[in-house]
Amino acid sequence: MSPLRIILVGLGARAQFWMRVIRENPDCTIVGLIDPSDEARTRALAQWPEAAASADLDLITTVDADFVLLATPPGGRERQMELACKAGIAILAEKPLADSVELAARYVEMAEDAGVPLAVGLNFRFLPVTQETLRLFDETVGAPEFGRFTYERWRDGWRPNFNKYPLTMDQPMLWEQSIHHFDLMRYVYRSEPVSVFGSTFNPSWSMYRDDANVSALIRFANGVEVNYQGLWQSNWQKPGFQWRSECRNGVVVQNDQFGELNYALHADSELTPVTLPPYEQWINDAKSLLAAFVAAMRGTADLPCTGRDHLNSLRMVQACILSSQQGQAINPADLDTNAKREIGHSTHHSALQQRTSQ
Ligand SMILES: NC(=O)c1ccc[n+]([C@@H]2O[C@H](COP(=O)([O-])OP(=O)(O)OC[C@H]3O[C@@H](n4cnc5c(N)ncnc54)[C@H](O)[C@@H]3O)[C@@H](O)[C@H]2O)c1
């Protein structure tokens, strides 16, 4: 079977990881590279000289491809989405799909109307630590009832190898980082949020124009309650992370965003560490995500991380912003009207099979 042909759009920081991940997947190849920056295109072409490169998004409709991988900033993807839908090729878009729920919902509908599969790059779902957490809930400590999620970081937004748009965007922590955390909560607690009471703020030392820190109390439909603190502007260079879930028979404690998983049963005096497979952060998670997307394209699995499912995580972000402005809890499900249909994997399945068997 010939490799799936990818047009990589946006050749900045994140694309560097994708180029390696794609190179190491024999089922994929890059046929197109798009970025308005000459420097970014030159750097990417040095790694993929066989690909067509352009500053112009029209390449999406002129090069034969199986899917576009959008590694562009989340704001301003309208034309990228329109052209992929026009070309009838699948879309794997980096998170967040857009910088507003309304726009993201429009993209989801646009892709569904065009019969184009749309998935979002939620790589943290694919971490061994995430999968093991689910197993612990099922087999060892029982169902989770409440949790505390703490992510503390002084993120140097001026670091040369970091993207720069978060420095000036609205609510950078929520759209860029908390979106992963909220998605993970929905994924491992296997429930949708019914209430978000949030507060966003920016400390005096912040280099970000808008709020880089978030606190929230989140309640899920199955009763799970989470205390969340997400900081891009803590005031210590050393990062901190802890996600502790209190369950029927004990606790699960994750001490690093990529690993360090432990559990304890109620009467245990110490935590028991969980052995995780060897792991290269940012690489293995993206590899597994890509493999899952390829399986869907080949018709052997459902589409992972659908755009429609992602809307529920984006609504949590929006609810947090509104809650902070209004000083009251918000139910994310009340936020918009046109994107509430059930999470759709299987609807994409036959369209994918059709496309990949062509
Ligand atoms: N899943 C993850 O763990 C993860 C990690 C980092 C970044 N990301 C996401 O990846 C995306 C890109 O982030 P980044 O760090 O690479 O940003 P970046 O600013 O480093 O790179 C973005 C690139 O897109 C290009 N670009 C801008 N507008 C474009 C357009 N209309 N058409 C084509 N190219 C365009 C820019 O010139 C730039 O080279 C964001 O959505 C970000 O949230 C995801």
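Numbers for residues simply follow the sequence, beginning at 1. Atoms within a ligand are numbered from 1 in the order they appear, just like the ligands themselves. Just so we're clear, the structure is a prediction, and the values are computed from it rather than from any experiment.
The protein heavy atom nearest to atom 12 (C) of ligand 1 is Ala71 O, 3.3 Å. At the top of the distance list for atom 16 (O) of ligand 1, counting protein heavy atoms only, stands Arg14 N, 2.8 Å. Of all protein heavy atoms, the one closest to atom 11 (C) of ligand 1 is Thr72 O, 3.3 Å. If you check which protein heavy atom lies closest to atom 17 (O) of ligand 1, you get Asn163 CB, 3.3 Å. The protein heavy-atom contact nearest to atom 34 (N) of ligand 1 is Pro36 CD, 3.2 Å. From the protein, the heavy atom lying nearest to atom 28 (N) of ligand 1 is Pro73 CD, 4.2 Å. With respect to atom 31 (N) of ligand 1, the closest heavy atom belonging to the protein is Gln80 NE2, 3.4 Å. Counting only heavy atoms of the protein, atom 39 (O) of ligand 1 lies nearest to Asp35 OD2, 2.6 Å.
Trp282 counts as a contact of ligand 1, since one of its heavy atoms falls under 4.0 Å from the ligand. Between Gly76 and ligand 1 there is no heavy-atom distance shorter than 4.0 Å. Using a 4.0 Å cutoff on heavy atoms, Arg79 does not count as a contact of ligand 1. Every heavy atom of Gln16 sits 4.0 Å or more from the atoms of ligand 1.
If you take CD on Glu94 and CG on Asn123, they are separated by 6.5 Å, rounding to the nearest 0.5 Å. Of the inter-residue distances, the one linking Leu8 atom CG with Leu92 atom CG reads 10.0 Å to the nearest 0.5 angstrom.
There is a path of hydrophobic side-chain contacts, each under 4.5 Å, that joins Tyr187 to Phe293. Clustering ILVMFWY residues whenever any of their side-chain heavy atoms sit less than 4.5 angstrom apart, transitively, puts Leu184 in the very cluster that holds Trp232.
No hydrogens or angles considered: a donor-acceptor pair under 3.5 Å links the side chains of Gln80 and Thr72.
By the 6.0 Å contact criterion, CZ on Arg219 is open, its count of non-hydrogen atoms from other residues, nucleotides or ligands being 12 or less. For Glu50, the CD atom sits in a packed shell: over 12 heavy atoms of surrounding residues, nucleotides or ligands are nearer than 6.0 Å. Taking a 6.0 Å sphere around CH2 of Trp158, one finds it holds 12 or fewer heavy atoms contributed by other residues, nucleotides or ligands.
Only the side chain of Asn123 comes within 4.0 Å of ligand 1, judged by heavy-atom distances. The residue Phe162 has no part lying near ligand 1, judged by heavy-atom distances below 4.0 Å. Of the heavy atoms in Val9, only side-chain atoms (C-beta onward) come closer than 4.0 Å to ligand 1. With a 4.0 Å heavy-atom cut-off, ligand 1 is reached by the backbone of Ala13 and by its side chain too.
Each of the following atoms of ligand 1 lies closer than 4.0 Å to a heavy atom of Gly121: 1 (N). Atoms of ligand 1 lying under 4.0 Å from any heavy atom of Glu176, numbered from 1 in the order shown and given with element: 42 (C), 43 (O). Counting atoms of ligand 1 from 1 in the listed order, those under 4.0 Å from a heavy atom of Tyr165 are 13 (O), 17 (O), 19 (O), 40 (C), 41 (O), 42 (C), 43 (O). Taking every non-hydrogen atom of Pro74 and a distance limit under 4.0 Å, the qualifying atoms of ligand 1 come out as 41 (O). Close approach to Arg77 involves these atoms of ligand 1, each under 4.0 Å from a residue heavy atom: 41 (O).
Between Glu94 and ligand 1, at least one N/O pair is under 3.5 Å apart.
A cation-pi contact, defined as under 6.0 Å to the ring centre and within 45° of the axis, is absent between Arg23 and Trp18.
Between Val9 and the options Leu57, Leu83, Leu33, a side chain to side chain contact (heavy atoms under 4.5 Å, CB included) holds for only Leu57.
Gln16 contributes a side-chain N or O that, together with a main-chain N or O of Gly12, makes up a donor-acceptor pair within less than 3.5 Å.
Shown here for Pro166 and Tyr208, the closest heavy-atom pair between the two residues is O-CD2, 3.4 Å.
Not less than 6.0 angstrom separates the ring centroid of Tyr151 from the ring centroid of Tyr228.
Ring planes of Tyr189 and Phe137: parallel class, angle under 30° (limits at 30 and 60°).
When Lys95, Arg43, Gln177 are checked for heavy-atom proximity to atom 43 (O) of ligand 1, Lys95 turns out nearest.
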